[in-house]
Peer 1: 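Have a look at the structure that comes next, please.
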Amino acid sequence: MNIRDIARLANVTPGTVSKVVNNYPEISESTRQHVLKIIEQYQYVPSNSARQLKLAMPIPQVGLVIEGCTNLVYELIGEILGISIHNANYTLLYFHDNYHSQDKSEKFQELTSFAQSHRLDCLVYVGGNFLPVPREQLAAFPCPVIFVNTLLPEHLERYRFSSIQTDHYRSAHRQMRYLLEQGHRRICCLITSYDDISIYSRRLEAYRDALAEAGVEWDPALVVEGRYNAKLTLEGVQKCLQENPDVTAICCAADVMALAAMRGIHLAGKVPGRDVALISFDGVESMQYATPAITALEQPAEEIARCAFNLLTSIVQQEQKEPVHITYQARLVIRET
């Protein structure tokens with residue numbers, strides 16, 4: 001009786017049995033108990049020599065890079081991933097990268113050098129835009145990568161790149177369409193900025209398309225560039241509403257600007273949720289505690305983090321040989337605004 005026999009009897013992978021035997025934290029309690037029951041039933045005893053060999057193996061080196069210090073969703077994903085990787089007893093190299101304007105080819109070369117110098121077994125990169133990076137540079141990357149909410153070139157099947165994405169375009173299109181279906185036509189678009197080249201640029205594209213499909217002209221006078229900054233957002237929203245008193249809704253591209261937008265509505269002499277509807281995107285927990293609670297498209301941040309960690313462990317343990325690409329839809333959470 002060996003680990004593969006137990007895996008077959010329990011209808012799980014050998015890696016899952018190994019994680020149960022070695023008390024890895026990411027296994028669900030139901031799966032753990034199921035496997036332990038099979039182990040007990042068949043009196044399976046893990047090989048001590050195999051255990052010693054495992055202990056003698058080098059500890060996996062894992063990199064985690066978060067691009068965007070002001071992104072609340074990425075902070076949550078990074079926190080969950082960091083804890084999970086630590087609990088798995090991997091060596092974690094973790095840092096923020098906030099140089100949005102840096103040449104992307106140069107940035108990717110720095111990332112390549114980082115992976116090479118630390119001999120990474122796998123890298124998780126959250127955020128960013130690597131569309132301009134030449135394919136030969138992408139192909140030379142020294143280890144598998146899991147990109148989370150990153151803009152990437154198409155047709156990367158032959159590279160060791162997996163991806164986990166929220167469908168930002170489709171979700172943002174739904175965000176704007178919700179306002180249009182409520183009868184709003186004069187809608188302030190609170191964007192990050194016109195020159196934002198991150199995944200948030202897809203949201204701006206979706207807003208434009210949804211308005212055009214509804215026969216509503218894109219009006220630059222109703223666009224506020226918040227640039228992830230509370231002061232700029234507040235001043236921009238207040239000014240837009242005072243100069244355009246017929247605005248009845250605000251479509252906000254990111255939660256990090258939503259609270260300042262609500263304050264801007266107040267300072268313009270209007271009531272959020274009554275005079276001016278407000279819908280945001282990301283769905284961080286604080287949106288439900290605002291007064292009034294803010295309607296939002298909610299990214300499944302915790303699910304994305306768990307998915308990334310499970311994929312990471314499969315790659316490190318060489319159970320996952322081929323890249324995978326997973327897409328989530330944001331969920332509309334209707335509250336009081």
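None of the values given here were measured: they were computed from a predicted structure.
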Peer 1: In Å and rounded to the nearest 0.5 Å, what is the CG to CZ distance from Leu93 to Phe114?
Peer 2: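 Atom-to-atom, Leu93:CG and Phe114:CZ are 5.0 Å apart.
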
Peer 1: Restricting to non-hydrogen atoms, name the atom on Gln116 and the atom on Pro142 that form the minimum distance, rounded to 0.1 Å.
Peer 2: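 Residues Gln116 and Pro142, closest heavy atoms: CG-CG, 3.5 Å.
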
Peer 1: Any salt bridge between Asp196 and Arg203, counting N to O under 4.0 Å?
Peer 2: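 No, Asp196 and Arg203 are not salt-bridged.
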
Peer 1: Looking at every non-hydrogen atom in both residues, tell me the closest pair between Ser198 and Leu151 and how far apart they are.
Peer 2: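 That closest heavy-atom pairing would be O-CD1, 3.5 Å.
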
Peer 1: Provide the closest heavy-atom pair for Asn149 versus Ile199 in the form atom of the first, atom of the second, distance.
Peer 2: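 Closest pair (atom of Asn149, atom of Ile199, distance): O-CB, 4.0 Å.
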
Peer 1: According to side chain to side chain donor-acceptor pair (under 3.5 Å), does anything in residues 241-264 pair up with another residue at least two apart or in another chain? List the pairs.
Peer 2: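 Residue pairs passing side chain to side chain donor-acceptor pair (under 3.5 Å), neighbours aside: His184-Thr248, Arg186-Asp246, Lys239-Glu243, Asp255-Ser280.
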
Peer 1: When clusters are formed by joining ILVMFWY residues with side-chain heavy atoms under 4.5 Å apart, either directly or through shared neighbours, do Ile83 and Val316 land in the same one?
Peer 2: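 Ile83 and Val316: separate clusters.
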
Peer 1: Grab the two heavy atoms, one from Thr233 and one from Asn229, that are nearest each other, plus how far apart they are.
Peer 2: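 Here Thr233 and Asn229 meet closest at OG1-O, 2.7 Å.
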
Peer 1: If the threshold is 4.0 Å, N to carboxylate O, is there a salt bridge linking Asp195 and Arg227?
Peer 2: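 Yes.
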
Peer 1: Please report the interatomic distance NE2(His155) to CZ(Arg135), rounded to the nearest 0.5 Å.
Peer 2: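 Separation between the atoms: 7.5 Å.
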
Peer 1: Between Gln175 and Cys252, what is the shortest heavy-atom contact and its length?
Peer 2: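 Closest heavy-atom pair between Gln175 and Cys252: NE2-O, 2.9 Å.
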
Peer 1: Hey, what do you get for CG (Leu222) to SG (Cys251), rounding to the nearest 0.5 Å?
Peer 2: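 Interatomic distance, Leu222 CG to Cys251 SG, rounded to 0.5 Å: 12.5 Å.
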
Peer 1: Can you tell me if Glu336 uses its side chain to pair, donor with acceptor, with the backbone of Gly273 under 3.5 Å?
Peer 2: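 Side chain of Glu336 to backbone of Gly273, a donor-acceptor pair under 3.5 Å: no, none is there.
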
Peer 1: Looking only at heavy atoms, what is the nearest atom pair of Ile66 and Gly78, with distance?
Peer 2: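 Shortest heavy-atom separation between Ile66 and Gly78 comes out as CD1-CA, 3.9 Å.
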
Peer 1: Applying salt bridge (charged side-chain N to carboxylate O under 4.0 Å, His left out) to Glu67 and Lys107, what does each step give before you reach the verdict?
Peer 2: CA-CA 11 Å; Glu67 182 172 325; Lys107 175 178 286 200; 3.1 Å; yes

Peer 1: Tell me, yes or no, whether the heavy-atom count around His325 atom NE2, taken from other residues, nucleotides or ligands under 6.0 Å, exceeds 12.
Peer 2: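 For His325, atom NE2 is crowded (more than 12 foreign heavy atoms under 6.0 Å).
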
Peer 1: Clusters formed by hydrophobic residues whose side-chain heavy atoms approach within less than 4.5 Å: which one holds Leu332, and what are its other members?
Peer 2: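 Via sub-4.5 Å side-chain contacts, Leu332 links to Met176, Tyr178, Leu179, Leu180, Ile187, Ile191, Tyr194, Leu204, Tyr207, Leu211, Val216, Trp218, Val223, Ile279, Phe281, Leu297, Ile334.
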
Peer 1: Assess whether side chain to side chain contact (heavy atoms under 4.5 Å, CB included) is satisfied between Asn89 and Ile59, documenting all intermediate values.
Peer 2: CA-CA 8 Å; Asn89 294 320; Ile59 297 173; 5.7 Å; no

Peer 1: If you apply the rule side chain to side chain contact (heavy atoms under 4.5 Å, CB included), what do you find for Val62 with Leu123, and how did you get there?
Peer 2: CA-CA 6 Å; Val62 174; Leu123 172 73; over 6 Å; no

Peer 1: Using atom types as modelled and distance alone, determine if a side-chain donor or acceptor of Thr150 lies under 3.5 Å from a backbone N or O of Val148.
Peer 2: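 A pair under 3.5 Å: yes.
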
Peer 1: Tell me whether Thr327 contacts the main-chain N or O of Asp167 through its side chain, where contact means a donor paired with an acceptor under 3.5 Å.
Peer 2: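 It does not hold such a pair.
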
Peer 1: In Å, rounded to the nearest 0.5 Å, how long is the span from CE of Met287 to CE of Met262?
Peer 2: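 Going from the CE atom of Met287 to the CE atom of Met262 covers 8.0 Å.
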
Peer 1: Answer with yes or no whether the hydrophobic clustering places Ile326 together with Tyr169; edges join I, L, V, M, F, W, Y residues whose side-chain heavy atoms lie under 4.5 Å apart.
Peer 2: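 Different hydrophobic clusters.
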
Peer 1: Can you check whether Thr166's main-chain N or O pairs, donor with acceptor, with Gln299's side chain at less than 3.5 Å?
Peer 2: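 No; judged by distance alone, with no hydrogens or angles, the pair does not exist.
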
Peer 1: Enumerate, atom names and distances included, each donor-acceptor pair closer than 3.5 Å involving a side-chain atom of residues 35-42, sequence neighbours excluded.
Peer 2:
none

Peer 1: Short question: side chain of His266, backbone of Pro272 - any donor-acceptor pair under 3.5 Å?
Peer 2: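 Checking the backbone N and O of Pro272 against the side chain of His266, no donor-acceptor pair under 3.5 Å is found.
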
Peer 1: With hydrophobic residues grouped by side-chain heavy-atom distances under 4.5 Å, do Tyr94 and Val124 end up in a single group?
Peer 2: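 Result: yes, single cluster for both.
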
Peer 1: Kindly compute the distance separating OG1 (Thr295) from CD (Gln288), expressed to the nearest 0.5 Å.
Peer 2: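 Thr295 atom OG1 to Gln288 atom CD measures 12.0 Å (nearest 0.5 Å).
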
Peer 1: Using atom types as modelled and distance alone, determine if a side-chain donor or acceptor of Ser162 lies under 3.5 Å from a backbone N or O of Val324.
Peer 2: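 Yes, Ser162 side chain to Val324 backbone: donor-acceptor pair under 3.5 Å.
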
Peer 1: Verify the cluster assignment for Val73 and Leu259: are they in a single hydrophobic cluster under the rule of side-chain heavy atoms below 4.5 Å apart?
Peer 2: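 In one cluster: yes.
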
Peer 1: Other hydrophobic cluster members with Tyr289, side-chain heavy atoms of Ile/Leu/Val/Met/Phe/Trp/Tyr under 4.5 Å, chained?
Peer 2: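 Result for Tyr289 is none, singleton.
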
Peer 1: Would you say the side-chain atoms of Gln320 pair up with the backbone N or O of Glu322, donor to acceptor, closer than 3.5 Å?
Peer 2: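 A pair under 3.5 Å: yes.
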
Peer 1: Apply side-chain contact (heavy atoms from CB on, under 4.5 Å) to Glu303 and list each qualifying residue two or more places apart in sequence or on a separate chain.
Peer 2: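 Residues passing side-chain contact (heavy atoms from CB on, under 4.5 Å) with Glu303: Pro300, Arg306, Tyr328.
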
Peer 1: Suppose we screen for side-chain hydrogen bond (donor to acceptor under 3.5 Å, both in side chains). Which residues come up paired with Thr91, at least two apart in sequence or across chains?
Peer 2: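 side-chain hydrogen bond (donor to acceptor under 3.5 Å, both in side chains) check on Thr91 returns Gln61.
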
Peer 1: Take the angle between the ring planes of Phe141 and Phe108 and call it parallel below 30°, perpendicular above 60°, tilted in between.
Peer 2: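 The arrangement is tilted - the two ring planes meet at 30° to 60°.
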
Peer 1: Main chain of Ile294, side chain of Arg335: is a donor-acceptor contact present, judged purely on distance under 3.5 Å?
Peer 2: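 Yes.
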
Peer 1: Quick one: do Cys143 and Cys122 satisfy side chain to side chain contact (heavy atoms under 4.5 Å, CB included)? Show the steps, please.
Peer 2: CA-CA 6 Å; Cys143 72; Cys122 189; 5.5 Å; no

Peer 1: Checking side chain to side chain contact (heavy atoms under 4.5 Å, CB included) for the pair Ile80/Leu76: CA distance, chi angles, key distance, verdict?
Peer 2: CA-CA 6 Å; Ile80 294 171; Leu76 177 57; 3.9 Å; yes

